[in-house]
Amino acid sequence: MCLAIPGCIVELAADPLGQGKVRFGEVLRPVCLACVPEAQVGDYVIVHAGFAISVLDGAEAERTLALLDAARDAGAAGGEA
């Protein structure tokens, strides 16, 4: 199973490979942005295996992140029982 998750672009590097930094909650990771040349700082992107594959509406990204948080919390609660 593959999983792509939304993250928010916080930095664009001025390089020909389209690198940038994307925030996933508390985590900041380098991401290749070459497939989404229209993306700007503050945009949400869907990231799979270190590559941003599409730009995502901010409201949709927030809904997806809330669902992922709920799944994590449910898993954590299940682990304590």
Side-chain angles (χ1 to χ4, degrees):
M1 180 172 100
C2 296
L3 181 63
I5 58 173
C8 184
I9 298 173
V10 297
E11 182 180 310
L12 295 173
D15 68 35
L17 297 177
Q19 293 289 315
K21 290 187 180 174
V22 175
R23 181 173 304 284
F24 303 94
E26 302 293 321
V27 177
L28 192 63
R29 298 277 184 187
V31 170
C32 179
L33 301 170
C35 294
V36 290
E38 73 279 17
Q40 299 295 315
V41 170
D43 286 348
Y44 281 91
V45 288
I46 295 290
V47 178
H48 175 69
F51 291 85
I53 55 176
S54 67
V55 177
L56 181 65
D57 173 71
E60 181 64 27
E62 292 296 335
R63 283 192 294 272
T64 300
L65 291 170
L67 287 171
L68 291 172
D69 286 345
R72 181 196 63 221
D73 293 345
E80 295 174 4

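Through side-chain heavy atoms spaced under 4.5 Å, either directly or across other Ile, Leu, Val, Met, Phe, Trp or Tyr residues, V27 is tied to no other residue.
Residues L65 and I53 fall within the same hydrophobic cluster, defined by Ile, Leu, Val, Met, Phe, Trp and Tyr side chains chained together at heavy-atom separations under 4.5 Å. The hydrophobic clustering, which links ILVMFWY residues whose side-chain heavy atoms are closer than 4.5 Å, places L56 and F51 apart.
More than 12 heavy-atom neighbours from other residues, nucleotides or ligands sit within 6.0 angstrom of CZ on R23.
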Distance-only donor-acceptor hits, side chain of residues 32-50, under 3.5 Å, sequence neighbours excluded:
{"unit_1": "D43", "atom_1": "OD2", "unit_2": "Q40", "atom_2": "N", "d": "2.8"}
{"unit_1": "Y44", "atom_1": "OH", "unit_2": "E62", "atom_2": "OE2", "d": "2.4"}
{"unit_1": "H48", "atom_1": "ND1", "unit_2": "L3", "atom_2": "O", "d": "3.3"}

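Interatomic distance, CZ of R63 versus CG of D57, reported as 7.0 Å (0.5 Å rounding).
Among all heavy-atom pairs drawn from F24 and I5, the shortest one is CD2-CD1, 3.7 Å.
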